Amino acid sequence: MVPSKDPTQTVPTDPQEQQEERPVSSLLIVIAMQAEALPLVSKFNLSEDQDSPFPKCVPWIRYHGKYKDLEINIVIPGKDAMFGVDSVGTVSAALVTYASVQALKPDIVLNVGTAGGFKVKGACVGDVYLATDIAFHDRRIPIPVFDQYGVRSRTTISTPNLVKELGFKVGKLSTGDSLDMSSQDEELIRANETTIKDMEGAAIAYVTDLFSVPTIFVKAITDVVDGEKPTAEEFLENLSTVALAMEVAVTQVVDFINGKRLSDL
Ligand code: SAH
């Protein structure tokens, strides 16, 4: 089925509509891991919410504050109650995004995080990418139309000025619930010409599409998926340095957004 709302259409193209459009004032940043979020929390001088909009029983955390002209919220899904590790993956990402969009009504969402990169598509550890397209690679439903629903491939909002000004790499992002890659996942990833692989992006896109909130995906490469090193080992080795590169990149993105309208991006 064709999605009823196309998020690429949320940026006004009509000149009159553009004139009425106000600058972005509220920004929601969704991040899967605390180690990825904390450098940004201190960079933007945010404080942890003592009176969270989330139900008491959930581990989700909201950090918020004012940075330049922007109201910034960073939300993370927090630690899993049973295992004490970050609640990575699509289920918690979708839930925390849903609750945050409902409660905070952001003008724009940024999904920031680490990702695997494909060297065959030019990715190296430490690169920062903006995703042009997004899809799932582990939702195989071999029935007509359900197959497309499963992959749910779609284009993200176009931000030509942001890409040009900041000079980040651009590429297609593919999401699945595993850090490793099965041969079936690999087949689909290659068929989709994917450059970056994560565990949250397409789930977050699903939610922000429902609410027609424009969303930008900023992904820093911690590991080369088609390289020699085992992914988990390479990921852990690079996480802290890449989190710092990500802090620099996200600050540039936020500074660029500050004072601009969606159509200026
Ligand atoms: N072993 C890690 C677990 C992190 S899971 C730990 O100890 O904390 C990986 C996280 O980084 C997810 O949020 C995912 O979006 C991202 N990620 C980084 N490299 C990835 C890859 N190659 N494939 C999928 N996700 C990746």
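Counting starts at 1 for both ligands and their atoms, following the listed order. Note that the structure is predicted; figures quoted are calculated from it, not measured. Heavy atoms only: backbone and side chains are in, while hydrogens, waters and symmetry mates are out.
With M33 as reference, V88 is the one residue of L38, V85, V88, I76 to meet the side chain to side chain contact (heavy atoms under 4.5 Å, CB included) rule.
If you look at A115 next to ligand 1, the close heavy atoms, those under 4.0 Å, all belong to the backbone. Counting heavy atoms under 4.0 Å from ligand 1, residue M181 does not touch it at all. Of the heavy atoms in D223, only side-chain atoms (C-beta onward) come closer than 4.0 Å to ligand 1. Counting heavy atoms under 4.0 Å from ligand 1, residue L236 touches it through the side chain alone.
Near A32, meaning under 4.0 Å from any of its heavy atoms, are these atoms of ligand 1: 13 (O). For ligand 1, the atoms sitting less than 4.0 Å from at least one non-hydrogen atom of D198 are 15 (O), 24 (C), 25 (N), numbered in the order shown with element in parentheses. When each atom of ligand 1 is checked for a heavy atom of T231 under 4.0 Å away, the hits are 22 (N). Contact atoms of ligand 1 toward T222: 18 (C), 19 (N) (distance under 4.0 Å to a heavy atom of the residue). Close contacts between ligand 1 and M199 involve ligand atoms 5 (S), 9 (C), 12 (C), 14 (C), 15 (O), 24 (C), 25 (N) [criterion: under 4.0 Å to a heavy atom].
Counting only heavy atoms of the protein, atom 15 (O) of ligand 1 lies nearest to E200 OE1, 2.6 Å. Shortest contact from atom 26 (C) of ligand 1 to any protein heavy atom: L179 CD1, 3.6 Å. Counting protein heavy atoms only, atom 17 (N) of ligand 1 is closest to T114 O, 3.7 Å. Ranking protein heavy atoms by distance to atom 23 (N) of ligand 1, first place goes to K197 NZ, 2.9 Å. Taking atom 8 (O) of ligand 1 as the reference point, the nearest protein heavy-atom neighbour is M33 CE, 3.0 Å. For atom 2 (C) of ligand 1, the closest heavy atom belonging to the protein is F235 CE2, 3.4 Å.
A salt bridge links R140 with D185; the closest basic N to acidic carboxylate O contact falls under 4.0 Å. For E228 and K119, the salt-bridge test passes: some basic side-chain N is under 4.0 Å from an acidic carboxylate O. Ion pairing of R154 with D133 is absent here, as no side-chain N (NZ or NE/NH1/NH2) approaches a carboxylate O to less than 4.0 Å. Between D107 and R22 there is a salt bridge, since a side-chain N of the basic residue sits under 4.0 Å from a carboxylate O of the acidic one.
Of the candidates G117, G116, A232, S178, G116 brings a heavy atom nearest to atom 20 (C) of ligand 1.
Judged purely by distance below 3.5 Å, without hydrogens or angles, the side chains of S87 and D80 never pair a donor atom with an acceptor atom. In this structure, a donor-acceptor pair under 3.5 Å is present between the side chains of N111 and K219. In summary, the side chains of T222 and N238 do not present any donor paired with an acceptor at a separation below 3.5 Å, with no hydrogens or angles considered.
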Candidate pair D255 and K68, rule salt bridge (charged side-chain N to carboxylate O under 4.0 Å, His left out), full reasoning: CA-CA 8 Å; D255 286 342; K68 298 192 170 173; 3.1 Å; yes

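Ring geometry for F211 versus Y98: interplanar angle of 30 to 60°, hence tilted.
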